[in-house]
Amino acid sequence: MSQPESALPKPHAIFDEFDDSGPLVGILIGSESDREAMEGAVEELNARGISNELHVLSAHRDPRGVAEYASTAALRGVRVIIAGAGMAAALPGVVAAYTELPVIGVPLTSSKSAMGGLDALLSIVQMPPGVPVACVSLNGARNAAILAAKILAQGGGYRGPATGTV
Ligand code: RP5
């Protein structure tokens, strides 16, 4: 027996809370202590008139929050994610695991850094094959924003991988 249409589940209802008016660039930092080092990214994006948001989300202390943010960002209109973190800087890689958006990692230094920031640099750069993260210089927040702007400026006809074999 068929159900009335009003009783049927609405497959797209889950998307109702989303819209595409979110910021173009999402900036994540692993700790409040990272904020100052990442201000250059916000300033650069603002100077270019590129909408952005910044959230504190730790890959280690709030992994569920990172997963939720990364897996819904594209649905809100975010097109590039910049993630800055220090020490065992897992944040950019974890974000990349949950989204198809390009992720730019910013390795950060602090008094807690090992080997002058090599800890964070290697954590971000040494991603396994298949889960790429772009990586700028140590404390390269401004460069991350410039790279994000360049990514946003690209058009092109590539629509993603082919779904069938020829
Ligand atoms: C990383 O650990 C953060 O990105 C930060 O750079 C570092 C230290 O964090 P706090 O102990 O200052 O919160 O996850």
Side-chain angles (χ1 to χ4, degrees), residues 14-15 17-154:
I14 193 170
F15 298 121
E17 64 187 281
F18 300 112
D19 60 48
D20 61 359
S21 61
L24 287 171
V25 178
I27 302 173
L28 299 182
I29 52 178
S31 167
E32 192 58 49
S33 67
D34 297 328
R35 187 180 292 269
E36 188 177 343
M38 290 297 289
E39 272 173 4
V42 177
E43 289 169 6
E44 186 65 35
L45 292 170
N46 288 344
R48 291 166 182 261
I50 297 172
S51 56
N52 62 88
E53 63 183 6
L54 186 148
H55 295 286
V56 181
L57 281 173
S58 167
H60 299 112
R61 295 164 176 157
D62 186 9
R64 288 179 195 274
V66 173
E68 184 177 340
Y69 180 90
S71 57
T72 58
L75 289 168
R76 294 190 302 113
V78 174
R79 289 296 169 258
V80 183
I81 296 177
I82 296 172
M87 301 178 74
L91 182 60
V94 173
V95 170
Y98 280 103
T99 182
E100 292 301 313
L101 296 173
V103 178
I104 305 170
V106 185
L108 301 176
T109 61
S110 73
S111 59
K112 300 173 191 166
S113 297
M115 303 178 76
L118 190 59
D119 48 2
L121 178 63
L122 292 179
S123 295
I124 293 173
V125 128
Q126 289 288 74
M127 287 296 293
V131 192
V133 169
C135 183
V136 294
S137 60
L138 288 169
N139 303 315
R142 183 166 170 258
N143 260 6
I146 295 169
L147 180 55
K150 291 185 179 216
I151 292 170
L152 289 169
Q154 300 308 305

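Counting convention: from 1, in listed order, for ligands and their atoms alike.
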Any idea which atoms of ligand 1 are less than 4.0 Å away from a heavy-atom of [X]?
X	answer
A85	4 (O)
S33	9 (O), 10 (P), 12 (O)
G30	3 (C), 4 (O)

TODO: Please state whether R61 comes within less than 4.0 angstrom of ligand 1, counting heavy atoms only.
DONE: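 True for this residue.
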Open item on the list: What protein heavy atom lies closest to atom 11 (O) of ligand 1? Include the residue and the distance to one decimal.
Closed with: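 The closest one turns out to be K112 NZ, 2.8 Å.
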- [ ] Identify the protein heavy atom lying closest to atom 8 (C) of ligand 1, giving its residue, its atom name and the separation to 0.1 Å.
- [x]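 For this ligand atom, the closest protein heavy atom is M87 SD, 3.7 Å.
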Task: Backbone of V95 reached by a side-chain donor or acceptor of T99 within 3.5 Å - done: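 Answer holds: no.
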- [ ] Output yes when a side-chain donor or acceptor of S51 lies under 3.5 Å from a complementary backbone atom of L24, and no otherwise.
- [x]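 At least one qualifying donor-acceptor pair exists.
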- [ ] Please confirm whether S58 comes within less than 3.5 Å of ligand 1 when only nitrogen or oxygen atoms on both sides are compared.
- [x]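 S58 vs ligand 1: no N/O contact under 3.5 Å.
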Open item on the list: Any nitrogen or oxygen of D34 lying under 3.5 Å from a nitrogen or oxygen in ligand 1? Just yes or no.
Closed with: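 Yes, since at least one N or O of D34 sits under 3.5 Å from an N or O of ligand 1.
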TODO: With Y69 as reference, evaluate H55, E53, R64 under the side-chain hydrogen bond (donor to acceptor under 3.5 Å, both in side chains) test and give the passing residue.
DONE: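 Of H55, E53, R64, side-chain hydrogen bond (donor to acceptor under 3.5 Å, both in side chains) with Y69 is met by E53 alone.
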Task: R79 and its side chain to side chain contact (heavy atoms under 4.5 Å, CB included) partner, picked from V25, I151, L152, I50 - done: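 Considering V25, I151, L152, I50, a side chain to side chain contact (heavy atoms under 4.5 Å, CB included) with R79 is found only for L152.
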Task: L108 and its side chain to side chain contact (heavy atoms under 4.5 Å, CB included) partner, picked from N139, L138, I124 - done: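 The passing option is N139.
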Task: Nearest candidate to atom 2 (O) of ligand 1, where distance is taken over non-hydrogen atoms, out of S113, S123, G86 - done: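 Answer by nearest heavy atom: G86.
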Open item on the list: Please compare S31, A83, A90, A88 and report which has the shortest non-hydrogen distance to atom 9 (O) of ligand 1.
Closed with: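 Looking at heavy atoms only, S31 sits closest to atom 9 (O) of ligand 1.
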Open item on the list: Would R48 and I146 count as a side-chain contact (heavy atoms from CB on, under 4.5 Å) here? Give the steps.
Closed with: CA-CA 9 Å; R48 291 166 182 261; I146 295 169; 3.5 Å; yes
TODO: Would you mind checking if E39 and R35 are paired as a salt bridge, meaning a charged N to carboxylate O distance below 4.0 Å?
DONE: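 So R35 does not pair with E39 through a salt bridge.
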